[in-house]
Amino acid sequence: MTIRRAIPDDLPNLIRMGREFHAQSCCANTIPFSDANFASAISDIATNAASVLFVFDAGAAGCIGMAAAISTPYWFNASKRIGQELFWWVDVDQRGTQAGMHLLDALEAWAADMGCAVFSMASTANIKPKALARLYRRRGYAAQDIYYVKEF
C-alpha cells in the first residue's frame with residue numbers, strides 16, 4: 001500500500017471514486033456527475049505544475065483513496081503562496097484505516113514543498129463534518145471560512 005501520484009492507468013478507479021464522492025456531496029441532487037468532465041478535470045490537475053493528484057494504491061485492491069490540491073499566489077500578497085485541497089476521498093469501506101491520514105500527510109508535505117504559507121482543507125456538510133472538524137483541529141487547522149450555497 002502506497003501513496004503516489006496518479007497515473008493514466010488509475011482513471012477508471014478515479015472516476016469510480018469521483019462518482020461515489022459526488023453521490024454524497026451537497027450538489028448531487030442538483031448537478032449530475034459527468035465521467036468525461038471529471039476525467040478532463042483530474043487530467044488537468046495531474047499535469048499542472050501548481051497542482052497535485054495523489055492516490056492511495058492498495059495493490060491488488062486498486063486505488064481506495066484520492067486527494068488533490070492546488071497552490072496559487074495569495075491574492076493579497078503575491079509573494080506568498082497558499083494551498084487548497086480540491087478533494088480528499090477514501091472509499092467508505094476503507095475509512096477508519098490509515099489511508100486518509102496518509103493522503104492528508106502527502107497533501108501537507110506537497111504544500112510545504114511548494115512553499116505554501118497556508119494550506120486549507122474543506123469539510124463537505126454531508127460527510128461527517130463534526131468528525132472532520134475534530135480531526136482538522138488535532139492536526140493544527142483552525143476554522144476560518146463558512147460557505148453558503150444557493151441552488152438555481
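The structure displayed is predicted, hence computed values, not measured ones. Starting from 1, each residue takes its place in the sequence as its number.
Of the possible donor and acceptor atoms, one in the side chain of His22 sits under 3.5 Å from a partner among the backbone N and O of Ile31. No side-chain donor-acceptor contact under 3.5 Å links Glu85 to the backbone of Ser120. Put simply, the side chain of Ser43 never gets that close to the backbone of Ala39: no donor and acceptor are under 3.5 Å apart.
Minimum heavy-atom separation, Phe119 to Met121: CE2-SD, 3.5 Å. The shortest non-hydrogen separation linking Ser51 to Ile45 is OG-O, 2.6 Å. Closest approach of Ile82 and Tyr74 over heavy atoms only: CG2-CD1, 3.7 Å. Scanning both residues, Leu107 and Ala68, for their nearest heavy atoms gives CD2-C, 4.0 Å. The two atoms that bring Asp35 and Arg19 nearest to each other are OD2-NH2, 2.8 Å, heavy atoms only. Residues Ala28 and Ala23 share a closest heavy-atom pair of CB-O, 3.6 Å.
From Glu151, atom CD reaches atom SG of Cys26 across 8.5 Å, with rounding to the nearest 0.5 Å. Atoms OG and CD1, from Ser123 and Ile146 in turn, are 11.0 Å apart once rounded to the nearest 0.5 Å. Atom CZ of residue Phe38 and atom CZ of residue Phe33 lie 5.0 Å apart, to the nearest 0.5 angstrom. Here the CD-CD1 distance, from Glu20 to Ile15, works out to 12.5 Å after rounding to the nearest 0.5 Å. One finds the CG atom of Asn13 at 10.0 Å from the CD1 atom of Ile64 (value rounded to the nearest 0.5 Å).
Taking the six-membered ring where tryptophan is involved, the planes of His102 and Phe56 are essentially parallel, since the angle between them stays under 30° and well short of 60°.
Heavy-atom neighbours of Asn29 CG from other residues, nucleotides or ligands within 6.0 Å: at or below the threshold of 12.
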Worksheet item: Could you walk me through whether Arg4 and Phe54 pass the side chain to side chain contact (heavy atoms under 4.5 Å, CB included) check?
Response: CA-CA 5 Å; Arg4 60 171 174 75; Phe54 290 115; over 6 Å; no

Practice prompt. Quick one: do Asp91 and Trp89 satisfy side chain to side chain donor-acceptor pair (under 3.5 Å)? Show the steps, please.
Written response: CA-CA 7 Å; Asp91 288 343; Trp89 172 263; 3.1 Å; yes

Discussion item. Before you tell me yes or no, could you show the steps for Arg139 and Leu104 under side chain to side chain contact (heavy atoms under 4.5 Å, CB included), namely the whole-Å CA-CA distance, both residues' side-chain angles and the distance that decides it to 0.1 Å?
Written reply: CA-CA 10 Å; Arg139 292 193 57 121; Leu104 182 51; 3.3 Å; yes

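Between Leu53 and Leu14, some side-chain heavy-atom pair lies under the 4.5 Å cut-off. A heavy-atom distance below 4.5 Å is not found between the side chains of Asp105 and Trp110.
Linking Ile, Leu, Val, Met, Phe, Trp and Tyr whenever their side-chain heavy atoms come within less than 4.5 Å leaves Val118 and Val52 in two separate clusters. The hydrophobic clustering, which links ILVMFWY residues whose side-chain heavy atoms are closer than 4.5 Å, places Leu103 and Ile7 apart. Put simply, Tyr136 and Met101 are part of the same group of oily side chains (I, L, V, M, F, W, Y) that touch within less than 4.5 Å, one to the next.
Ion pairing of Arg16 with Asp10 is absent here, as no side-chain N (NZ or NE/NH1/NH2) approaches a carboxylate O to less than 4.0 Å.
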